[in-house]
Amino acid sequence: MSLDLQTILQHRQQFPALANKRYFNYGGQGPMPQSALIALHNAHDRIQQDGPFSVAINDEIQEIMKGLREAIAADLGTTAKSIALTENVSMGCNMALWGMDWREGDHILLTDCEYPSVMTTVEELRRRFGVKVTTCPIMQTLNDGDPVQMIERHLLANTRLVIVSHVLWNTGQVLPLADIVKVCHHYPTQAYPIQVLVDAAQSVGVLPLELDALGADFYAFTGHKWWCGAAGAGGFYVHPNAFDRLSPTFAGWRGITKGVIGEPPHWKPDCRRFEISTSSFPLYSALREAIATHNQVGTAAERYQRIGQMSEYLWKRLSEIPQVRCLRTSPPQAGLVSFRIQHPDLNHGQWVANLEQQGLFVRKINLPDCIRASVHYLTLEEECDQLVEAIAQAF
């Protein structure tokens, strides 16, 4: 079953930012629904009126966190005990990277399409612990080749961790994560099973997900992109089979039952042990409401189907312009449409700035040098037409 246009038009009215612009940057930050904005304001107001540090408010904060973990778990096909609340994807990736017991000579494999913050953290692990770091050229498989075989060819007997993005942030390629996990978990190593850390910045809120079934050990995600929540609220998933192989790097009152000098840490028995201390808790109220707002429209599979339809529509329209070349030679698999524009006077950064002045919001990507348009289920064909016409008219 497909989502009908009238339903989408009515639903869009809940997103104030969509009223005065054509928005193609969900992969950077999604516009918040009005209900999330109200939830954010109301939570701040209650905390100030009734607290801010009172028994009643502290009890409410615990309920806010519990409710968000449950909402995330229901959306991602897992249980609340496997979810830790974080600020963003980078924080979740750092929790996994610094929580492993690294030894000199251990090998980390990551793709050449990972986000710079992840690459930087891995380089610091190399410097501190003497781990070996290599990259596999996954970008080569965008239009031709098997990403699973590419990763398998780069595994070593001393590989401890593989880092991949479920949806590559620059090219929009969707990696076959379940197959990658299977190859890694069954690869013969010297001493340790190969674990898989997933950067899920561009997959949560796009792909229908069943994390326990996918099998990835760690899955770091945010709420401010495709879920359209407030910036500063995200999550970190740890598969039940990987839970005992990861240690908290930071300690705070949210992650412990008590703290006693001279005793081992008294960690909470689930993924709450990876949470640290005080956060802006109203952000959690806003994210929970944003997730609920999306779930008012069809199923996750139906929303993903529409994302694919709108992405393919934009990809086809862009391909009609002789000076435009989409990175993918076939329709996009998710919501990211990356393309290059050949123009004698304008670089991609200037294109992005010029389009924004016309109310068309896209993003420049540096590697590879291109423009990225993010297409959600909220996107309309007429918005895609306006973006294409603005580009075509510049020639």
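Note that the numbering runs from 1 along the sequence shown for the chain. The figures that follow rest on heavy atoms only: side chains count, while hydrogens, waters and symmetry mates do not.
Ionic pairing of K66 and E70 is present here: one or more N-O contacts between side-chain nitrogen and carboxylate oxygen are shorter than 4.0 angstrom. Residues R127 and E123 are not paired through a salt bridge, judged by the lack of any N-O separation under 4.0 Å between the basic side chain and the carboxylate. The pair R69-E275 meets the salt-bridge criterion, since a charged nitrogen lies less than 4.0 angstrom from a carboxylate oxygen.
Smallest separation of non-hydrogen atoms from C370 and L327: CB-CD1, 4.0 Å. Across every non-hydrogen atom of P147 and I138, the tightest pair is CB-CD1, 3.6 Å. Residue A36 comes nearest to E289 through the heavy atom pair N-CG, 3.7 Å, listed as atom of the first residue, atom of the second, then distance. Contact between C228 and P31 at its shortest, heavy atoms only, is CB-O, 3.1 Å. Of all the heavy atoms in M95 and T86, the pair that sits closest is CE-CG2, 3.6 Å. Shortest non-hydrogen contact noted between A394 and W351 is CB-CH2, 3.3 Å.
Contacts of S311 classified as side-chain hydrogen bond (donor to acceptor under 3.5 Å, both in side chains), with partners at least two apart in sequence or in another chain: none. Listed by chain and number, the residues in a ring-ring contact (aromatic ring centres under 6.0 Å, His included) with F250 amount to none (sequence neighbours excluded). Partners of H376 according to the ring-ring contact (aromatic ring centres under 6.0 Å, His included) rule, which considers only residues two or more places apart in sequence or in another chain, are Y26, W226, H294. Listed by chain and residue number, nothing satisfies the side-chain hydrogen bond (donor to acceptor under 3.5 Å, both in side chains) test with H41 (two or more places apart in sequence, or in another chain). Residues passing the side-chain hydrogen bond (donor to acceptor under 3.5 Å, both in side chains) test with R317 are E320, D385, sequence neighbours excluded.
Judged by distance alone, with hydrogens and angles left aside, the side-chain atoms of T121 form no donor-acceptor pair with the main-chain N or O of N94 at under 3.5 Å. Remark: side-chain polar atoms of R22 are paired, donor with acceptor, to backbone N or O of Q358 under 3.5 angstrom. Y23 contributes no side-chain N or O that, together with a main-chain N or O of F361, makes up a donor-acceptor pair within less than 3.5 Å. Under the 3.5 Å distance criterion, the side-chain polar atoms of R273 are matched with a main-chain donor or acceptor of K268. H186 places a side-chain N or O within donor-acceptor distance of the main-chain N or O of K182, the cut-off being under 3.5 Å. Counting only distance, with no hydrogens or angles, the side chain of W102 and the backbone of L125 share no donor-acceptor pair below 3.5 Å. Checked by atom type and distance alone, the side chain of T222 never pairs as donor or acceptor with a backbone atom of N88 at under 3.5 Å. Listed for the E383 side chain is a donor-acceptor partner under 3.5 Å among the backbone atoms of L380. R245 places a side-chain N or O within donor-acceptor distance of the main-chain N or O of N241, the cut-off being under 3.5 Å. Checked by atom type and distance alone, the side chain of K132 never pairs as donor or acceptor with a backbone atom of D106 at under 3.5 Å.
F236 and F218 have parallel rings, their planes meeting at less than 30° on a 0 to 90° scale where 60° marks the start of perpendicular.
Side-chain polar atoms of Y192 and R103 form a donor-acceptor pair below 3.5 angstrom. Donor-acceptor pairing under 3.5 Å is recorded for the side chains of Y219 and S203. Side chains of S165 and E114: a donor on one and an acceptor on the other come within 3.5 Å. No side-chain donor from either of Q14 and S35 sits under 3.5 Å from a side-chain acceptor of the other. Between the side chains of T329 and N143, at least one donor N or O lies within less than 3.5 Å of an accepting N or O. If you check the side chains of S279 and R254, you find a donor sitting under 3.5 Å from an acceptor. When only modelled atom types and interatomic distance are considered, D212 and T78 share a side-chain donor-acceptor pair under 3.5 Å. Between the side chains of T171 and S338, not a single donor N or O lies within less than 3.5 Å of an accepting N or O. Side-chain contact annotation: H239 with S82, donor-acceptor N/O pair under 3.5 Å absent.
For the pair V174 and L168, the minimum side-chain heavy-atom distance is 4.5 Å or more. Counting heavy atoms from C-beta on, the side chains of L109 and L161 never come closer than 4.5 Å. Taking the side chain as every heavy atom from C-beta outward, L378 and H11 approach each other to under 4.5 Å. Contact check for P137 versus H154: side-chain heavy atoms found under the 4.5 Å cut-off. For the pair L37/P33, no side-chain contact is recorded, criterion being any heavy-atom separation below 4.5 Å from C-beta on.
When hydrophobic clusters are built by joining Ile, Leu, Val, Met, Phe, Trp and Tyr residues whose side-chain heavy atoms come closer than 4.5 Å, directly or via intermediates, I307 is grouped together with L336. Clustering ILVMFWY residues whenever any of their side-chain heavy atoms sit less than 4.5 angstrom apart, transitively, puts M65 in the very cluster that holds I72. A continuous path of hydrophobic side-chain contacts links F15 to I8 [ILVMFWY only; heavy atoms under 4.5 Å]. Under a hydrophobic clustering in which Ile, Leu, Val, Met, Phe, Trp and Tyr are joined whenever their side-chain heavy atoms come within less than 4.5 Å, directly or via other members, F274 and I83 fall into different clusters. Hydrophobic clustering places L175 together with L211 (ILVMFWY residues linked when any side-chain heavy atoms are closer than 4.5 Å, directly or through intermediates).
Just one residue in the list V131, L155, T134, V162 forms a side chain to side chain contact (heavy atoms under 4.5 Å, CB included) with H107, and that residue is T134.
In this structure, R328 is not positioned above the aromatic face of W315 in the sense of NZ or CZ being under 6.0 Å from the six-membered ring centre and within 45° of the axis.
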(request) Walk me through it: do F395 and H343 pass the test ring pair (Phe, Tyr, Trp, His ring centres under 6.0 Å)? (result) CA-CA 8 Å; F395 292 97; H343 193 282; 5.2 Å; yes
(request) Might you work through the salt bridge (charged side-chain N to carboxylate O under 4.0 Å, His left out) test for E124 and R128, ending with a clear yes or no? (result) CA-CA 6 Å; E124 184 63 9; R128 293 195 192 186; 2.8 Å; yes
(request) Applying side chain to side chain donor-acceptor pair (under 3.5 Å), run through D75 and N295 and close with a yes or a no. (result) CA-CA 9 Å; D75 231 45; N295 286 328; 3.2 Å; yes
(request) Before giving the answer on side chain to side chain donor-acceptor pair (under 3.5 Å), spell out for H185 and D217 the whole-Å C-alpha distance, their side-chain angles and the decisive distance to 0.1 Å. (result) CA-CA 10 Å; H185 284 178; D217 299 279; 2.9 Å; yes
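Annotation: salt bridge (charged side-chain N to carboxylate O under 4.0 Å, His left out) contacts involving residues 369-380, sequence neighbours excluded, comprise K364-D369.
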